[in-house]
Amino acid sequence: MAPSAVPVESGATPLDLGSLPGSLTTTFDDTLRFYLNGTRVVLDDIDPEITLLEYLRGIGLTGTKLPLGSQLTFPPDSGCGEGGCGACTVVVSQFNPTTNKIYHASVNACLAPLVSVDGKHVITVEGIGNVKKPHPAQERVAKGNGSQCGFCTPGIVMSLYALLRNNDNPSEHDIEEAFDGNLCRCTGYRPILDAAHTFTKKAPSACGNSKANGGSGCCMEGGGGGGCGGANQNGDDQPIKRFTPPGFIEYNPETELIFPPALKKQEFRPLSFGNKRKRWFRPTKLEQLLEIKKMYPNAKIIGGSTETQIEIKFKALQYPISVFVGDIPELRQYSFKENHLEVGGNITLTDLENVCQEAIKHYGEKRGQIFNAMYKQLKYFAGRQIRNVGTPAGNLVTASPISDLNPVLLAADAVLVAKSLGESGIVETEIPMSQFFTGYRRTALPQDAILAAIRVPLTREKNELFRAYKQAKRKDDDIAIVTSAFRVRLNEDGIVDQCSLVYGGMAPTTVGAKTANSYLLGKKFAEQQTLEGVMNALEQDFNLSFSVPGGMATYRKSLAIGLFYRFYHEFMLILGSTADEEVVPELEREISTGQEDREAAAAYMQETVGKSNPHLAALKQVTGEAQYTDDIPPLKNELYGCLVLSTKAHAKLLSVDASAALDIPGVVDYIDKNDMPNAAANHWGAPHYQEVFFAEDTVYTAGQPIGLIVATSAARAAEGARAVKVEYEELPAIYTMEEAIEKESFFDFFREIKKGDTQEGFKNSDYVFSGVARMGGQEHFYLETNATLAIPKHEDGEMEIISSTQNPNEAQAYAARVLDVAANKIVVKVKRLGGGFGGKETRSVQLSSIIALAAQKTGRPVRCMLTREEDMVISGQRHPFLGRWKMGVNKDGKIQALEVDIFNNGGWCWDLSAAVCERAMTHSDNCYHIPNMHVTGRICKTNTMSNTAFRGFGGPQGMFIAESYMNEVADRLGMPVERFREINFYKPGERTHFNQEIQDWHVPLMWEQVMKEAEYESRREAIAKYNVEHKWRKRGLAIIPTKFGISFTALWFNQAGALVHIYHDGSVLVAHGGTEMGQGLHTKMTQIAAQALNVPLENVFISETATNTVANASATAASASSDLNGYAIYNACQQLNERLAPYREKLGPDATMKDLAHAAYFDRVNLSAQGFYKTPEIGYTWGENKGKMFFYFTQGVTAAEVEIDTLTGTWTCLRADIKMDVGQSINPAIDYGQIQGAFVQGLGLFTMEESLWMRNGPMAGNLVTRGPGTYKIPGFRDIPQQWNVSLLKDVEWKELRTIQRSRGVGEPPLFMGSAVFFAIRDALKAARAQYGVKAKVGAEGGEDDGLLRLESPATPERIRLACVDPIVERARVLPKEGEKSFFIAI
């Protein structure tokens, strides 16, 4: 929990500020006045270091979340500190001095200093509605299934609310743009967009499922739940004022919270607050600011605080004197001059966007080209929350070498206006942009000056072109890889008389391409040799080495050349000359739409089961009322923990000295291995117990816990952790699978599966091909990081642990071990998780055990929520995999034999790597019958964090290996891969390589249905035609099947217990062993109980998961939780029904459960029942290759189409069609949500999400991609533009013996995201074929065989480097002998 807004004591050296306000001529007030959710707040004792987020959570408004902390240098309750996820979004309403209007700004509370909200109205998610009376935005997101785990939901709701407050008639584009600063890891975004689109002008026709559009009915037309089918542009295009779905609350802007009239009258007074660490000023006039800056030249100027908070939180920088300039009207003005636009340095970027558009209208398109370029760059700069507070002055003085805006201003020859206070008044200094950047993160701005204004010149009406470009890993809210701005002016003869080619991301500063600029000047532009000469010059300007800082040498160089190539040909078009016309337009998305089959469950729908009920906690989640672990109010005497982590990948610990930390006021204790009750207690991780809670003599990975500091506040704990001094003796480290294989660094693990005789199969094959499939890992990126609160009971060694874990049973067992008590003394409770995805199956146990030990030692409650950075470096990721395969195949496409050697990167300790490897081995066939097969599995031992469970648990990796060999072999056969798949599909009754019979086999049927519904063949023909006609744009199409085994491969985990109570009033309380992490498990379980007991759904309640209600529960994992817990609940309900049967007979069919329970109670009938279930039939024996591995297989088929811009590697998914066989769905809405969320998570895995480690320097061996700024998950505008999802129906499941004949759905759809990867590969084949590079039929390998070998993820860099056009070929950077890349991809 965050502190309240009061000063905190610190061990830092006191800051001798003297009587600072008295040193200035201005009189400063020290009282903060603002409104919060319509209520006036006055504070006069304020900590100047506190953020708005900390204040809000400190007073109990915990709906505003703190999901993605950036620790190692800052307190765990610091939020993301980057503005990278949007879960902490609030609305700050204020009078805007730029527009002279009230503006409702969505703002990241984790970045906003509390003292910046003086005179403003802060609105949180709690302030707009509650469960009993939700705001329409809250209700529609909830009932439209736009909330799963719910942790990101309040921020998403507030972004939508901000949009509606500023524009109650938003367009579809407005809706999609509104969420560009928000992330969600669960939903796949589609249902959120569908809910939001009900507020648009085209709302009645927005849903493709609506009856008005001939569909089966929109989820919102009946007022019930079930994700909306999305936008379909059929029907009447006439805009209407507003659309209210039937049964929903009407949105009436007139009923919104008003801007408090008192604030309109409130005088903005200069403010000053301080403590012995820091002094904060808020001047309201320019003169006051300049006076402060003159007296304190080193004072930190803060505009939006977007960079300052990052510096404080990531780099532990301290600014004793800070000056907030956001409320100085003079710095937020703009004016149109005759030959330039002048904008105040502190105008917000949102206002600057609008000013740019206004300037284009004022000056005209031709003279306003620079403003068009600025607007374009701003549109994709960060998210709306950042743009609402960020400023151009802040952007400039930060001097980032990858700034989006700085290249534009430099290429435009803008002039910066600096102001300072001289002896006789204000001194104004003009600084040309060409002289502003003096080095890496250094500028020419004098220390006592501020950047007051920017003068941006105009372009000429004729013969001048100005353009700007940006390339990043993700289109929205992403830092640039390369940015550029180009300005070229010609004289009447077509000779270049002015030019400026400027780049960001190519050097330590924003730079002009000196050689290229010099060459271009004086040349006739419209000549081929001019283009060639400039590109040659650019090669000289940016002759990057292979090991260049930042990496991606070839890619960055190709972008530098390619972006100018694009610019050149656009100018040629404008001039009416011959041009490469197709290269000019950039790849843009359309508004995304989608459909779901709402009738899928009609044939088997019952009173409760089979219905699309919304997530039971959805309304709590959208209103901020849902409580997560760190939302629990602080307890008396509570302490906060912060881990001391290794900074070396492999080293001996020479000494650990915590004395400096213990001297800090507020630090209470230091805990490490010496506090364990015995040496064995420090070891964990069955069955090997190789991992340690605290490092002993050696650290094996950067991020390994060495100790724990506990203190009276999170800030002091973090300060203490930083003060612990650790001395190391570094040892050699291994990072990649290839290194481990070369050095034979493996865990003591070897598995193999043999079927048939592969050698004989190879002899009988027409061809024998071999290859390697490789894929990287994936960060879980659950929005709620690992969190624990441990509460000692002071009797008998009892301890209550509240944890965000998928595995309460294991948390209990290891807490008992480290506390040296019996397990019955430990109670572990879980209300809900803000996402898990496998990352909290085992890795959460480390934190909960350490915090329990701290609570026992101190005798006080201890709380810890890991920050995003801590979580990423500690908790592990999806395992990277390497598969070396060899296949025998006949000319007709029939596979005869396959050998696969599988390796995964386990990291430094075992964790679940063995089981993950086993599952990958069992899925390395995917859906294909291979008569002779031999698969082996090994685990690489490296010096990274221990990799762990992640949705799919090795299944996606095994199937990726399978689909890689299918694609590559099909290419070598000269056969369409679709046909190759069809030839080798399993048939019912055939056996897998692990000898399991294929039953209820529907993949061929779904394949046929998807081919037809997606119009696959006709689209394939259209794509072939498109690719012939387009040089720089290529489209690709792929259709991918999946077969995912459902069961824990460890037999004993396939069991579950449940407890069902019926109370006097007829209400039912259910407890089971599964945890709710957004997947809707509790919702499905209540439906099963309600159906079984024949009571209304609202009569059934699940409070929490706890080890004292259901003991020995298996982890919520393996997509088996509904099967296991559902049957256990059903079993308990059966017992209760048997006991109630006489009373039903006696009281008649109309008797309510209240009547039945009342009668039974007075007859002394037990109204509680314990249920149990264990999965029958299963049990596989490794080595013998006997027994049933999985209870059944969940199946699916997906077709995806993509378009790529081969010049940059940018891509977009044009369409995806998904069909899943989930049996008889217990809740189709929940299942659709799982399918969509898993698909987008898989899309991220295979195309976008890349983890990198530092190779050299002081941070060698450390994870680089440790937060939302560097690690990119898919956003709202990365989902398919047209997205259709359906469930298999009208079939019989003869062999399926699960609860309600449903299938597990959490993990299986994730691999469907690979369809996008393979569609990209298909597009790249066309791009390469254009230059004569394609796989040689029958060739068995070699560098010149033309085969495309694409590694996952298919990032824009990998896409670009897979191309073979002349631009990328001339840009290729080869390593010198011994030279290695800057980053390591493990």
Side-chain angles (χ1 to χ4, degrees), residues 131 224-225 605-620 626 808 829-832 1056-1076 1079-1111 1113 1116 1121-1173 1226-1227 1230 1299-1300 1302:
V131 168
M605 187 185 299
Q606 301 175 53
E607 184 65 29
T608 306
V609 168
K611 286 189 173 178
S612 289
N613 291 301
H615 195 292
L616 286 179
L619 272 174
K620 300 185 191 76
K829 295 182 177 181
V830 181
K831 184 71 173 178
R832 61 174 57 82
L1059 189 61
V1060 179
H1061 300 304
I1062 302 176
Y1063 292 93
H1064 285 268
D1065 62 356
S1067 64
V1068 178
L1069 180 67
V1070 174
H1072 62 91
T1075 59
E1076 176 58 58
Q1079 83 280 42
L1081 179 62
H1082 286 354
T1083 303
K1084 286 186 174 182
M1085 296 304 97
T1086 55
Q1087 287 182 267
I1088 288 169
Q1091 186 71 49
L1093 294 173
N1094 194 26
V1095 298
L1097 183 63
E1098 55 269 22
N1099 280 25
V1100 183
F1101 180 65
I1102 297 175
S1103 174
E1104 62 186 5
T1105 306
T1107 55
N1108 61 348
T1109 54
V1110 176
T1116 305
S1121 297
S1122 290
D1123 293 350
L1124 297 172
N1125 296 292
Y1127 247 132
I1129 290 169
Y1130 183 75
N1131 175 248
C1133 292
Q1134 280 183 313
Q1135 298 172 45
L1136 291 168
N1137 281 332
E1138 288 175 9
R1139 298 171 198 168
L1140 293 173
Y1143 303 96
R1144 282 201 166 99
E1145 184 176 348
K1146 178 181 178 181
L1147 299 177
D1150 295 331
T1152 65
M1153 182 56 74
K1154 181 178 181 179
D1155 299 331
L1156 298 172
H1158 197 69
Y1161 172 77
F1162 281 101
D1163 279 352
R1164 295 181 295 175
V1165 172
N1166 184 4
L1167 292 176
S1168 296
Q1170 183 184 23
F1172 182 76
Y1173 174 75
I1226 295 171
N1227 184 322
I1230 296 292
I1299 186 72
Q1300 301 295 330
S1302 67

How long is the gap from CD1 on I1230 to NE2 on H1082, to the nearest 0.5 Å? 12.0 Å
So, for Y1143 and A1159, which heavy atoms are closest and what is the spacing to 0.1 Å? CD2-CB, 3.8 Å
Is a donor on one side and an acceptor on the other found under 3.5 Å between the side chain of T1083 and the backbone of H615? no
Looking only at atom types and distance, does a side-chain atom of Q1091 sit under 3.5 Å from a main-chain N or O of N1094, one as donor and one as acceptor? no
In chain order, what residues pass the ring-ring contact (aromatic ring centres under 6.0 Å, His included) check against Y1161, with sequence neighbours excluded? H1064
Give the minimum heavy-atom separation between A1092 and N1137, together with the two atoms involved. O-ND2, 2.8 Å
Minimum heavy-atom separation for A1113 and G1073, please, with both atom names. CB-CA, 3.6 Å
Rounded to the nearest 0.5 Å, what separates atom OG1 in T1086 from atom CD in E1098? 10.5 Å
Side-chain (T1116) to main-chain (T1075) donor-acceptor, under 3.5 angstrom: yes
Using atom types as modelled and distance alone, determine if a side-chain donor or acceptor of R1144 lies under 3.5 Å from a backbone N or O of A1151. no
Around E607, counting heavy atoms of other residues, nucleotides and ligands shown, do more than 12 lie under 6.0 Å from its CD? no
How many angstroms lie between CG in L1156 and CD1 in I1062, if you round to the nearest 0.5 Å? 8.0 Å
Which distance, rounded to the nearest 0.5 Å, do you find between the CG of L1140 and the NZ of K1146? 13.0 Å
Atom NE2 of H1061 with >12 non-hydrogen neighbours under 6.0 angstrom: yes
Do Q606 and Q1300 pair up side chain to side chain, a donor and an acceptor below 3.5 Å, judged on atom types alone? yes
Atom CD of E1145 with >12 non-hydrogen neighbours under 6.0 angstrom: no
Specify the closest pair of heavy atoms between R1139 and S1168, including all atoms of both residues, with the distance to one decimal. NH1-O, 2.7 Å
Do the non-hydrogen side-chain atoms of I1299 and Y1173 ever get within less than 4.5 Å of each other? no
Could you name each residue pair satisfying side chain to side chain donor-acceptor pair (under 3.5 Å) that touches residues 1124-1133, not counting sequence neighbours? N1131-Q1135
What distance separates N1227 CG from Q1087 CD, expressed to the nearest 0.5 Å? 4.5 Å
Would you call K1154 and S1067 a side-chain contact if the rule is heavy atoms closer than 4.5 Å? no
Can you name the nearest heavy-atom pair linking V1060 to A1132, along with the distance? CG2-CB, 3.7 Å
Looking only at heavy atoms, the pair that brings A1128 and G1057 closest together is CB-C, 3.9 Å
Are side-chain heavy atoms of T1105 and V1110 found at a separation under 4.5 Å? no
The reported gap from CG in L1093 to CE in M1153 (rounded to nearest 0.5 angstrom) is 5.0 Å
Within the side chain of D1155, is there an N or O that forms a donor-acceptor pair under 3.5 Å with the backbone of T1152? yes
Exactly one of L1097, I1226, I1088 clears side chain to side chain contact (heavy atoms under 4.5 Å, CB included) with T608, and that residue is L1097
Test V1070 against V1100 for side chain to side chain contact (heavy atoms under 4.5 Å, CB included), laying out the working first. CA-CA 7 Å; V1070 174; V1100 183; 3.7 Å; yes
